[in-house]
Amino acid sequence: MLHLQSNFYETVQLIDKLMQQYSPENLENIEVYFDVSEGIKLYFLRKLSGYIESDFDPLPWFKPIYDKGYFNPQDNPKPYKLDNNQYKNPLWNVLPVLKKVAEINKLKRNEYSELILKIINSIINYKDKTGNSINNRITNYYITSIIEYLPVDMVGNDHLEFIRKELLNSGNPLISRNIQKNLLPNFLSNKSKDLVLHLLDIILDYKKIKNSYEPIMDKHWFNKSLELQKENIFKLCGIQASEIAIKNILKISDDVCEYTFSFFHIRAIENNPQNAFVDDYEFQLVFFVRDFYKNFNEFVNTDIKPFIRNLLKSESFILQRIGIYAINCHYNECNNIFWDHWINLNPLEENEYKHEIFKLFENRNNLFKKEEFETIIKWIENKNYHIDKDEPGYNKTLACQKLNWYSAFKKSSNDEIQNKYSNYKKICGSEPEHPSFSVWTEGLRAPYYPEEWCGDSSEEIIELMHKFDQNDQSDPIFLEGSSSRFLKNCTQNNPKKIVSHLDPFLDVSLKNQYFLLFGLLEAWREGKSFDWNNIFEFISSIINSESFWKESDSSDYKNEVIKVIADLIEVRTKNDDKPFGKELFPDVCKILIVLVNKTDSEVVKEEDLITAVINSAKGRVFSALINFSLSYARLYQRNNEDKLIPEIKKSLEYFLDNPVTEFSVTMGQFLPQIFYLNPKWAENNVVKIFSDKSFDDAFVGYMASPITIYESIYEILKEKKYLRKALNTEFKDRHTNKNLIYHICTAFLFDMENWEKDSLMSRLILRKDPEQLSMMVDYFLIQENNHNEEVKDKIKDLGDKIYEVASSDPEEYKVVLSNLSKWTIFFEDLDENLNNWLTSAAEFITPTDCRRLIKDLLRFANNKPIEVCEIYLKIIDDLEYPDYNVDDIKELVSILYKKENKNCANKICNYYGEKGFYFLKDSYMAQN
């Protein structure tokens with residue numbers, strides 16, 4: 001029996017010697033130390049797993065530790081709930097050993113395969129007394145990764161279903177990586193067809209998330225698996241592989257999700273730039289089937305024709321499209337299938353497979369017979385193009401639609417079809433750009449509207465918009481619901497043309513008026529110029545219409561129009577680079593007064609009130625009103641004390657007596673600007689701005705920029721006790737409470753606050769509110785780079801006062817103390833006060849804060865090694881993962897050894913060793 005050691009690394013030296021050779025006696029001697037030091041068992045298992053020495057051979061130890069119950073499935077640790085309501089899945093430390101054994105076993109002689117399988121099965125099949133399994137995701141990952149090392153004849157369906165279940169439950173990307181990197185290649189190289197098909201069924205399995213479908217595998221590894229192994233799968237499994245994908249296509253099609261496989265989404269079966277998001281699950285599923293049929297003869301020795309017939313007979317349009325695509329690829333073999341299938345039908349009537357039919361015509365018409373051309377001409381001429389015969393330009397529209405189809409035969413040698421093509425081209429006047437597509441997208445999902453579509457006049461644009469709204473399916477350029485986007489793009493691209501004749505747009509819908517004005521806003525932001533006088537006449541006509549203010553629809557475009565009008569005014573008045581001409585200011589002022597008076601107040605008081613007001617129509621109008629007033633003042637009233645336009649002052653005074661949320665928030669937010677416009681008027685009306693009924697709203701606005709302080713305004717608000725009132729108010733807006741603390745602290749830095757008995761800083765300390773004190777500590781961290789010694793002294797003095805409160809109840813003020821530990825940046829040395837702060841804060845310091853603190857402790861270690869070591873021991877004793885900044889920790893321990901503080905340094909080394917972190921082992925061994 002060896003002498004027991006209580007020092008971790010002394011014990012480790014004994015363990016290393018005992019593990020040089022397996023014997024029952026050595027194993028028993030090692031296990032004795034498990035009760036002495038909880039880290040020794042972990043070290044033993046880590047060494048067996050190759051974590052400490054990668055070339056260590058665990059095989060001689062494997063059967064003995066199994067016999068001693070090391071792999072008993074009931075010891076699989078159960079997940080437990082953390083404070084943040086998430087679950088922790090602890091590592092079962094024997095699993096890395098099992099994985100290492102499985103790796104070596106596979107490379108050597110497979111003599112332990114039966115035992116490895118037995119352990120895997122015992123874990124997979126384990127149920128406790130209540131019939132429940134232990135669902136530890138880390139354990140499950142290890143089991144799935146160990147399965148790959150089993151001989152393929154030992155891998156069963158239950159193992160693969162275990163993998164499927166884990167992918168469905170956790171979606172662990174590491175399992176997906178294992179499938180792509182190891183499991184699938186292993187099955188393929190061993191020609192294990194049944195296993196490959198079963199695994200493929202798992203790879204192609206999916207989950208529905210809202211209205212979309214995702215693979216149960218991680219998307220990256222899913223795509224990688226198919227990209228690298230698709231051909232090998234086809235060669236081994238043939239038609240059975242494609243049937244798995246087809247099964248899933250049909251299941252999704254039956255799930256009433258028409259868009260997933262529609263031509264709107266999957267534009268082409270072949271690789272085509274019109275297909276966006278091709279890495280998505282549904283594309284990969286379709287491409288999997290497509291690629292099989294494209295190269296069918298390379299993979300199977302079977303006649304392809306029966307399979308293509310089945311695709312064409314399917315109720316799924318996407319499978320029919322794949323069938324047409326396959327005929328195109330194998331036309332010599334399969335041409336009869338095409339003509340027989342549509343012998344009594346016109347395939348051109350169905351829009352879903354238009355592209356595939358067109359490409360077949362285009363690619364294979366040199367092989368068509370005379371009677372087949374005649375059939376095609378009948379199809380094109382007799383197709384129902386859904387055009388109203390009474391529509392102006394009917395003949396031209398019809399000719400253009402037919403030309404779309406005849407353009408597939410531009411290179412055909414058939415005279416009759418060439419004549420048709422030439423005749424319709426003359427009528428239509430131009431060649432169709434994208435005739436095979438019912439929907440065309442320029443770029444990534446952005447509708448393409450060529451400039452020539454915008455017509456020569458406003459009336460022509462409106463006529464085109466009507467076609468968009470009617471969703472004319474006879475013309476592929478018209479996309480449902482896109483008339484407004486069309487108008488916006490035309491306006492943005494050519495604002496001068498639109499602005500020159502705006503009257504016709506007074507009769508379009510509010511939605512379209514909004515998009516027109518939005519297009520002008522975007523054009524201005526792009527630096528384009530146009531006549532603003534016409535715009536404001538147009539806007540005046542809209543807002544002075546009684547019907548505008550009665551408008552109330554579900555889409556609420558009245559408010560959107562008001563917001564975009566306000567934005568147009570504000571974008572011209574925020575700076576004076578391109579100001580309005582003086583002649584326009586009266587018209588703009590009238591517009592703003594109408595909007596201010598008539599726009600409804602609709603803000604719901606939320607946690608983020610500033611954002612709610614900014615997003616509201618009335619809030620945008622008030623903001624535009626103030627910016628407009630400031631622009632006028634800067635340009636024309638610079639030398640006057642009263643810079644407010646009388647009409648606007650009158651409007652503001654009305655709302656001072658009848659405040660609404662948007663007004664109060666805006667007045668608070670622009671309070672310094674209001675003082676600029678008229679200081680006396682502003683000071684006289686502060687009492688109304690911050691009246692009892694509007695105080696909360698106005699103060700939320702005032703706190704929008706807490707670090708910017710105007711001393712005269714601050715003193716007024718302080719004198720009238722509004723700041724003190726705010727300190728005692730719990731604001732619903734989540735930013736205001738913090739911003740108030742920042743505001744007062746900024747005043748303190750600039751000597752507008754002090755430690756007088758009734759000062760706001762004193763009140764903050766005396767309130768002893770943990771949240772407010774923590775905010776104060778956070779604020780002063782902003783001063784990290786302030787090297788002014790006077791400022792640092794003020795901050796240290798404040799720290800003492802905060803510490804005095806927090807140390808009275810450390811548990812209550814643990815966040816304050818933890819944050820206070822960051823103030824080491826203001827100290828050159830570890831003085832008594834800082835030592836007290838850090839000692840009290842140590843048990844509450846988070847791992848993230850510890851990273852930064854270690855660097856500061858390094859600065860102090862040479863002069864105060866004992867104090868630093870005691871603080872650090874106390875910190876790491878309460879951290880779950882204290883191995884951040886490994887290099888800094890090594891340097892700290894090195895300094896402690898050099899300063900002859902060996903005992904304390906040894907404690908740090910042994911502590912980390914106990915926790916399973918061995919990066920200080922060399923440091924310890926070098927000094928002991």
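Nothing here was measured: the structure is a model prediction, and the numbers come from that model.
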Colleague: Are the side chains of Asn135 and Pro79 in contact, using a 4.5 Å heavy-atom criterion?
Modeller: no
Colleague: How about Phe71 and Ile116: do any of their side-chain heavy atoms sit closer than 4.5 Å?
Modeller: no
Colleague: Roughly how far apart are Phe264 CZ and Ser438 OG, rounded to 0.5 Å?
Modeller: 7.5 Å
Colleague: Look at the side chain of Asn169 and the backbone N and O of Glu166, then say whether any donor-acceptor pair between them is shorter than 3.5 Å.
Modeller: no
Colleague: Does the structure place the NZ or CZ of Lys100 under 6.0 Å from the centre of the six-membered ring of Phe62, at an angle of no more than 45° from the ring's axis?
Modeller: no
Colleague: Determine yes or no for a side-chain-to-main-chain donor-acceptor pair under 3.5 angstrom, with Asn275 supplying the side chain and Val278 the backbone.
Modeller: no
Colleague: About how many Å separate CG of Asp75 and OH of Tyr126, when rounded to the nearest 0.5 Å?
Modeller: 8.5 Å
Colleague: Would you say Asn178 and Thr144 are linked by a side-chain donor-acceptor pair, where the criterion is simply a distance under 3.5 Å?
Modeller: no
Colleague: Taking Glu914 for its side chain and Gly39 for its backbone only, find out whether a donor-acceptor pair lies under 3.5 Å.
Modeller: yes
Colleague: Mind checking whether Phe919 and Tyr912 have ring centres under 6.0 Å apart?
Modeller: yes
Colleague: State which residue, out of Leu311, Ile327, Ile246, fulfils the side chain to side chain contact (heavy atoms under 4.5 Å, CB included) condition with Ile322.
Modeller: Leu311
Colleague: Give a yes or no on whether Glu161 atom CD has more than 12 heavy-atom contacts from other residues, nucleotides or ligands under 6.0 Å away.
Modeller: yes
Colleague: Could you please spell out the steps behind the salt bridge (charged side-chain N to carboxylate O under 4.0 Å, His left out) verdict for Asp201 and Lys247?
Modeller: CA-CA 10 Å; Asp201 190 61; Lys247 173 192 69 175; 2.6 Å; yes
Colleague: Taking it one step at a time, do Lys359 and Glu356 satisfy salt bridge (charged side-chain N to carboxylate O under 4.0 Å, His left out)?
Modeller: CA-CA 5 Å; Lys359 297 305 286 185; Glu356 283 65 45; over 6 Å; no
Colleague: Give a yes or no on this: more than 12 heavy atoms of other residues, nucleotides or ligands lie within 6.0 Å of atom NZ of Lys165.
Modeller: no
Colleague: Got Tyr325 and Tyr293 here, is their nearest side-chain heavy-atom distance under 4.5 Å?
Modeller: no
Colleague: Quick one: CZ on Phe234 to CG on Asp291, what's the gap to the nearest 0.5 Å?
Modeller: 6.0 Å
Colleague: Using a 3.5 Å distance criterion without hydrogens, assess whether the side chain of Tyr281 forms a donor-acceptor pair with backbone atoms of Leu204.
Modeller: yes
Colleague: Evaluate the criterion side chain to side chain contact (heavy atoms under 4.5 Å, CB included) for residue pair Lys99 and Ser49; output intermediate values, then yes/no.
Modeller: CA-CA 8 Å; Lys99 185 176 180 181; Ser49 72; over 6 Å; no
Colleague: For the rings on Phe277 and His265, is their centre-to-centre separation under 6.0 Å?
Modeller: no
Colleague: Between the side chains of Gln229 and Asn232, does any donor sit under 3.5 Å from an acceptor?
Modeller: yes
Colleague: Can you tell me how far CD of Gln180 sits from CE of Met217, rounded to the nearest 0.5 angstrom?
Modeller: 7.0 Å
Colleague: Do the charged groups of Glu31 and Lys68 touch, with an N to O distance under 4.0 Å?
Modeller: yes
Colleague: Go through the side-chain N and O atoms of Asn172 and Ser170 and say whether any donor and acceptor fall under 3.5 Å apart.
Modeller: no
Colleague: Would you say Gln20 and Asn26 are linked by a side-chain donor-acceptor pair, where the criterion is simply a distance under 3.5 Å?
Modeller: no
Colleague: Quick check: are there more than 12 heavy atoms from other residues, nucleotides or ligands sitting under 6.0 Å from NZ of Lys106?
Modeller: yes
Colleague: Decide yes or no for Tyr66 and Ile119: does some side-chain heavy atom of the first lie under 4.5 Å from some side-chain heavy atom of the second?
Modeller: yes
Colleague: Side chains of Glu270 and Asn272: do they bring a donor and an acceptor to under 3.5 Å?
Modeller: yes
Colleague: Looking at Glu352, is its backbone amide N or carbonyl O close enough to the side chain of Glu350 to form a donor-acceptor pair, meaning the two atoms are under 3.5 Å apart?
Modeller: yes
Colleague: Closer than 3.5 angstrom, by distance alone: can the side chain of Ser253 be matched with the main-chain N or O of Ile249 as a donor-acceptor pair?
Modeller: yes
Colleague: Could you tell me whether Phe292 and Phe296 have their ring centroids closer than 6.0 angstrom?
Modeller: yes
Colleague: Determine whether a donor-acceptor pair (N or O, by modelled atom type, separation under 3.5 Å) exists between the side chain of Asn105 and the backbone of Tyr112.
Modeller: yes
Colleague: Would you call Met19 and Phe56 a side-chain contact if the rule is heavy atoms closer than 4.5 Å?
Modeller: yes
Colleague: Decide, yes or no, whether a salt bridge links Asp16 with Lys921 under the criterion of side-chain N to carboxylate O below 4.0 Å.
Modeller: yes
Colleague: Just by distance, with hydrogens left out, do Glu148 and Asn186 show a side-chain donor and acceptor under 3.5 Å apart?
Modeller: no
Colleague: Would Asp218 and Arg177 satisfy salt bridge (charged side-chain N to carboxylate O under 4.0 Å, His left out), going step by step from the backbone distance to the final call?
Modeller: CA-CA 8 Å; Asp218 174 80; Arg177 183 182 183 275; over 6 Å; no
Colleague: Is a side-chain donor-acceptor pair under 3.5 Å present for Asn190 with Ser192?
Modeller: no
Colleague: Just by modelled atom types, is the Tyr206 backbone N or O under 3.5 Å from a matching donor or acceptor in the Asn248 side chain?
Modeller: no
Colleague: When you measure from the centre of the six-membered ring of Phe287, is the NZ or CZ of Arg290 under 6.0 Å away and within 45° of the axis?
Modeller: yes
Colleague: State whether the number of non-hydrogen atoms from other residues, nucleotides or ligands found under 6.0 Å of Lys313 atom NZ is greater than 12.
Modeller: no
Colleague: Got more than 12 heavy atoms from elsewhere within 6.0 Å of CD, Glu114?
Modeller: no
Colleague: Look only at the side chain of Asn295 and the backbone of Glu298, and say whether a donor-acceptor pair between them is shorter than 3.5 Å.
Modeller: no
Colleague: Given side chains that start at C-beta, do those of Ile124 and His159 come closer than 4.5 Å, heavy atoms only?
Modeller: yes
Colleague: Would you please say whether a donor-acceptor pair under 3.5 Å links the side chains of Asp279 and His220?
Modeller: no
Colleague: Taking the six-membered ring for Trp, are Tyr51 and Tyr43 closer than 6.0 Å centroid to centroid?
Modeller: no
Colleague: For a quick check under 3.5 Å, do Gln240 and Lys193 share a side-chain donor-acceptor pair by atom type?
Modeller: yes
Colleague: Out of curiosity, Leu197 CG to Ile233 CD1, how far, rounded to the nearest 0.5 Å?
Modeller: 9.0 Å
Colleague: Are any of the side-chain nitrogens in Lys219 or Asp280 under 4.0 Å away from the carboxylate oxygens of its partner?
Modeller: yes
Colleague: Does Tyr87 OH have over 12 foreign heavy atoms under 6.0 Å away?
Modeller: no
Colleague: For residues Asp57 and Tyr22, is any side-chain donor paired with an opposing acceptor at under 3.5 Å?
Modeller: no
Colleague: Answer yes if the ring centres of Trp342 and Tyr353 are under 6.0 angstrom apart, and no otherwise.
Modeller: yes
Colleague: Quick one: do Asp340 and Arg309 make a salt bridge, cutoff under 4.0 Å?
Modeller: no
Colleague: Find out whether Ile134 and Thr139 are in side-chain contact, i.e. whether some heavy atom of one side chain is under 4.5 Å from a heavy atom of the other.
Modeller: no
Colleague: Using modelled atom types and a 3.5 Å cut-off, is there a donor and acceptor pairing between side-chain atoms of His330 and backbone atoms of Lys294?
Modeller: yes
Colleague: Quick one, Arg46 with Asn93, criterion side-chain hydrogen bond (donor to acceptor under 3.5 Å, both in side chains). Give me CA distance, side-chain angles, the key distance, then yes/no.
Modeller: CA-CA 8 Å; Arg46 289 255 179 102; Asn93 290 308; 5.2 Å; no
Colleague: Could you tell me whether the side chain of Val886 reaches within less than 4.5 Å of the side chain of Leu920, counting heavy atoms only?
Modeller: no
